[in-house]
Amino acid sequence: MPARFKRIVSSGLAFGPACIALMMATSAVAQDANISSVYHQVVSAEAKVAKALSAKDPKSLSRIGSELGKIIEAALQRREDGGSVTACDMAAHSLAFVAVSAADGLISKGDARKLLMDDALAAASDFQKDMQACDKLAGKPAAGHAGVGKALRAL
C-alpha cells in the first residue's frame with residue numbers, strides 16, 4: 001500500500017505544474033479577449049458620441065454613458081477582485097464622462113452649461129490619451145481619436 005500511495009502522490013505532483021501553466025495560459029487568453037472586446041465597444045461608442053454631439057442629442061449621449069457604465073462596473077469588480085484596470089477601461093470611463101457631461105450641458109443654460117462643457121472637453125482630452133494607450137495595448141495602429149473633442153468644440 002505505501003508503494004501505491006507513493007506512485008499516486010508523485011504522479012499528482014507532476015500534474016500540478018501542468019495545471020498551473022494551463023490556468024495561466026487560459027487567463028492570459030481571456031484577458032486578451034476582454035481587452036479586444038472593450039476596445040471594440042469603446043471605438044463603437046466613440047463614433048456614437050461624436051454623432052450624438054453633432055446632432056445635439058442629450059438622450060443618446062445619456063444612453064451611451066449608461067452603456068459604457070457596464071464596462072466601468074466590470075473593471076471596478078476586477079479591481080476589487082485583485083485584478084488590474086486597463087487603459088481601455090480608463091478610455092471607457094473618460095468617454096462616459098464626456099457623454100454624461102455633454103448631455104447635461106446640452107440641457108443646461110448659462111454658467112452651468114459652460115462648466116459642464118469645459119468638463120466634457122477636459123474628459124475628451126483624457127479620452128484621447130487613454131485611447132492612445134488602449135491602441136497600443138490592443139495592438140491596433142494609433143488613430144487620432146480626436147473626433148469627440150472636435151464635435152464638442154463645434155458646439
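- A 4.5 Å side-chain heavy-atom check between Arg113 and Leu106 finds at least one atom pair inside the cut-off.
- Separation of atoms CD1 (Ile35) and NE2 (His40) is listed at 11.5 Å; rounding is to 0.5 Å.
- Under the side-chain hydrogen bond (donor to acceptor under 3.5 Å, both in side chains) criterion, Asp81 pairs with Gln77, not counting sequence neighbours.
- Here the side chains of Leu61 and Asp57 are not in contact, with every heavy-atom distance at 4.5 Å or above.
- Between Val148 and Gln128 there is no side-chain heavy-atom pair separated by less than 4.5 Å.
- Met90 and Ile64 sit in two unconnected hydrophobic clusters of ILVMFWY residues. Membership requires side-chain heavy atoms under 4.5 Å apart, directly or through other members.
- Cluster membership check: Leu53 shares its hydrophobic cluster with Leu121, using side-chain heavy-atom separations under 4.5 Å among Ile, Leu, Val, Met, Phe, Trp and Tyr.
- For the atom pair Leu152 CG and Asp119 CG, the distance stands at 11.0 Å (nearest 0.5 Å).
- The shortest non-hydrogen separation linking Gly65 to Val100 is CA-CG2, 4.2 Å.
- In terms of heavy atoms, Ala91 sits closest to Met131 at CB-SD, 3.5 Å.
- Taking both residues in full, the closest heavy atoms of Val98 and Ala120 are given as CG2-O, 3.6 Å, listed atom of the first, atom of the second, then distance.
- Rounded to the nearest 0.5 Å, atoms CD (Glu46) and OG (Ser44) are 10.0 Å apart.
- Atom-to-atom distance recorded for Asp126:CG and His93:NE2 is 9.5 Å, nearest 0.5 angstrom.
- Checking Ser94 against Asp130 by side-chain atom types alone, a donor-acceptor pair falls below 3.5 Å.
- Side-chain atoms of Lys48 and Glu67, non-hydrogen and from C-beta on, do get closer than 4.5 Å to each other.
- In this structure, Leu137 and Tyr39 have side chains that are not in contact, with every pair of non-hydrogen atoms separated by 4.5 Å or more.
- Side chain of Ser66 to main chain of Ser62: a donor-acceptor pair is present (N/O by atom type, distance under 3.5 Å, no hydrogens or angles).
- Residue Ala52 comes nearest to Ser60 through the heavy atom pair CB-CB, 3.9 Å, listed as atom of the first residue, atom of the second, then distance.
- Annotation for Pro58 and Ala103: closest pair O-CB, 3.5 Å, computed over non-hydrogen atoms.
- Between Arg79 and Asp89 there is no salt bridge, since no side-chain nitrogen of the basic residue lies less than 4.0 Å from a carboxylate oxygen of the acidic one.
- Contact between Phe127 and Val42 at its shortest, heavy atoms only, is CE1-CG1, 3.8 Å.
- For the atom pair CG (Asp104) and CG (Leu115), the distance works out to 12.0 Å, reported to the nearest 0.5 Å.
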